[in-house]
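For the single chain, residues carry numbers from 1 onward in sequence order.
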Amino acid sequence: MPIHQPQDAEYRRVIDRYMLAMDSGHPRYLELGNWRVLRPQWPHRERFARGLIADAASIPDADLETLLERGWRPRVTAAWLIGVGLRTAFRERIGTLLLDSEVCYAGSGYCFALARFGTAEDAGILTAYLDRYLPQTGLDYDQGAALGALLHLDARLGTDHAGRFTRPDGPWDRWARARGPAYAPGADDVRGEMRRWISSWCDFANGWTHP
């Protein structure tokens with residue numbers, strides 16, 4: 001019989017409380033970033049939003065750190081709680097995790113959090129990520145989410161940090177061509193779609209109030 005250490009029980013408590021919260025019939029982490037959450041007709045919208053808002057406002061920093069320690073599911077949950085709750089003390093930690101890109105799926109949550117914080121410092125982190133990963137055309141990580149978040153911040157701050165990435169035949173076009181026809185310039189406007197996704201979630205979060 002395996003011997004469970006006390007820290008295992010604490011980790012399980014945090015996972016059950018925040019990542020596996022069942023406010024929609026599915027574990028919370030599966031709904032984060034899903035377009036359907038933004039639809040007024042989604043039947044779980046109010047319950048899901050209230051639970052997320054309450055937890056984002058009340059989760060202790062220690063529990064956020066526990067979620068950020070391992071695995072994409074806990075990390076993406078932490079990122080959305082940090083973004084919704086505007087927990088800017090985690091900016092540096094989020095930036096490091098984004099730049100390291102150790103696990104899949106979590107990066108979009110980091111990009112949302114940085115977009116939600118909404119400052120030039122956050123734009124700098126996203127710019128550093130794109131400088132590192134757009135030239136690596138063989139990697140399909142979170143380049144789209146990062147560019148969408150940067151475009152959102154440019155619109156908010158009146159800046160043009162994204163301009164050097166989106167110029168014709170620039171870093172974004174070269175990376176997109178390597179993804180194939182769906183990402184190629186002139187096909188679906190992937191970067192515009194990612195900006196709309198980020199902006200829609202930020203607008204939705206901005207419209208919430210703490211219970």
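The number of heavy-atom neighbours closer than 6.0 Å to CD of Glu46, taken from other residues, nucleotides and ligands shown, is 12 or below.
Hydrophobic clustering (ILVMFWY, side-chain heavy atoms < 4.5 Å, transitive): Leu52 and Met22 are in distinct clusters.
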key: Chi angles and distances behind the side-chain contact (heavy atoms from CB on, under 4.5 Å) call for Ile15, Thr77   = CA-CA 9 Å; Ile15 291 297; Thr77 303; over 6 Å; no

message = Assess the residue pair Asp23 and His44 against the criterion (side-chain contact (heavy atoms from CB on, under 4.5 Å)); give the C-alpha distance rounded to whole Å, side-chain angles, the decisive distance to 0.1 Å, and a yes or no.
response = CA-CA 7 Å; Asp23 294 326; His44 307 290; over 6 Å; no

message = If you apply the rule side-chain contact (heavy atoms from CB on, under 4.5 Å), what do you find for Asn206 with Arg116, and how did you get there?
response = CA-CA 9 Å; Asn206 290 338; Arg116 179 104 164 95; 2.3 Å; yes

key: Residue pair Leu67, Leu81: steps toward the side-chain contact (heavy atoms from CB on, under 4.5 Å) verdict   = CA-CA 10 Å; Leu67 289 170; Leu81 291 169; 4.3 Å; yes

task = Evaluate the criterion salt bridge (Lys or Arg N to Asp or Glu O under 4.0 Å) for residue pair Asp169 and Arg177; output intermediate values, then yes/no.
result = CA-CA 10 Å; Asp169 201 34; Arg177 277 198 295 269; 2.4 Å; yes

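In summary, Asp173 and Arg167 do not engage in a salt bridge, as defined by a charged side-chain N under 4.0 Å from a carboxylate O. For the pair Arg12 and Asp16, the salt-bridge criterion is met [side-chain N within less than 4.0 Å of a carboxylate O]. A salt bridge links Arg17 with Asp55: the distance from a Lys NZ or Arg NE/NH1/NH2 to an Asp or Glu carboxylate oxygen falls below 4.0 Å. Salt bridge Asp61/Arg87: present, at least one basic N to carboxylate O contact under 4.0 Å. A salt bridge links Asp63 with Arg13; the closest basic N to acidic carboxylate O contact falls under 4.0 Å. A salt bridge between Glu69 and Arg75 is absent, with no side-chain N of the basic residue lying under 4.0 Å from a carboxylate O of the acidic one.
Ser24 contributes atom OG, which lies 9.0 Å from atom CG of Asn34 (distance to the nearest 0.5 angstrom). Note that the CZ atom of Arg156 and the OG atom of Ser199 stand 10.5 Å from one another [nearest 0.5 Å]. The distance from the CG atom of Leu98 to the CZ atom of Arg132 is 9.0 Å, given to the nearest 0.5 Å. Between the OG1 atom in Thr88 and the CG atom in Leu86 there is a gap of 7.5 Å [rounded to 0.5 Å]. Distance CG/Leu150 to CG/Asp160: 9.0 Å, rounded to 0.5 Å. Between the CE atom of Met19 and the CZ atom of Arg73 there is a distance of 6.5 Å, given to the nearest 0.5 Å.
Leu32 is listed as a side-chain neighbour of Phe48, based on a closest heavy-atom distance under 4.5 Å. Side-chain atoms of Gln143 and Leu147, non-hydrogen and from C-beta on, never get closer than 4.5 Å to each other. Between Arg91 and Ile82, the closest side-chain pair of non-hydrogen atoms is not below 4.5 Å. For the pair Pro74/Leu68, no side-chain contact is recorded, criterion being any heavy-atom separation below 4.5 Å from C-beta on. The side-chain heavy atoms of Cys111 and Leu126, taken from C-beta on, include a pair separated by under 4.5 Å.
Side chains of Thr127 and His161: a donor-acceptor N/O pair is absent below 3.5 angstrom, by distance only. No side-chain N or O of Ser200 forms a donor-acceptor pair with one of Asp203 less than 3.5 Å apart. Between Thr159 and Asp154, the side chains place a donor N or O and an acceptor N or O closer than 3.5 Å (distance only, hydrogens not considered).
Across every non-hydrogen atom of Leu151 and Ala162, the tightest pair is CD2-CB, 3.6 Å. Considering all non-hydrogen atoms of both residues, Gly95 and Ile125 come closest at CA-CG2, 3.7 Å. Thr137 and Ala178 get closest at one heavy-atom pair: O-CB, 3.5 Å. Heavy atoms only, all atoms of each residue included: Ala56 and Gly85 are closest at CB-N, 3.7 Å. When every heavy atom of Trp42 is checked against every heavy atom of Val37, the shortest pair comes out as CE3-CA, 3.8 Å. Here the closest heavy-atom approach between residue Arg45 and residue Leu38 is recorded as NH1-O, 2.7 Å.
Contacts of Arg196 classified as salt bridge (charged side-chain N to carboxylate O under 4.0 Å, His left out), with partners at least two apart in sequence or in another chain: Glu193. Annotation: ring pair (Phe, Tyr, Trp, His ring centres under 6.0 Å) contacts of Trp175 (sequence neighbours excluded): Trp172, Tyr183.
Relative ring orientation between Tyr129 and Tyr133 is described as tilted, the plane-to-plane angle lying within the 30° to 60° band.
In this structure, Arg70 is positioned above the aromatic face of Tyr11, its NZ or CZ under 6.0 Å from the six-membered ring centre and within 45° of the axis.
At least one donor-acceptor pair under 3.5 Å links the side chain of Trp197 to the backbone N or O of Gly33.
Paired with Tyr29 under the rule ring pair (Phe, Tyr, Trp, His ring centres under 6.0 Å), one option of Tyr18, Tyr105, Trp80, Trp72 passes, and it is Trp72.
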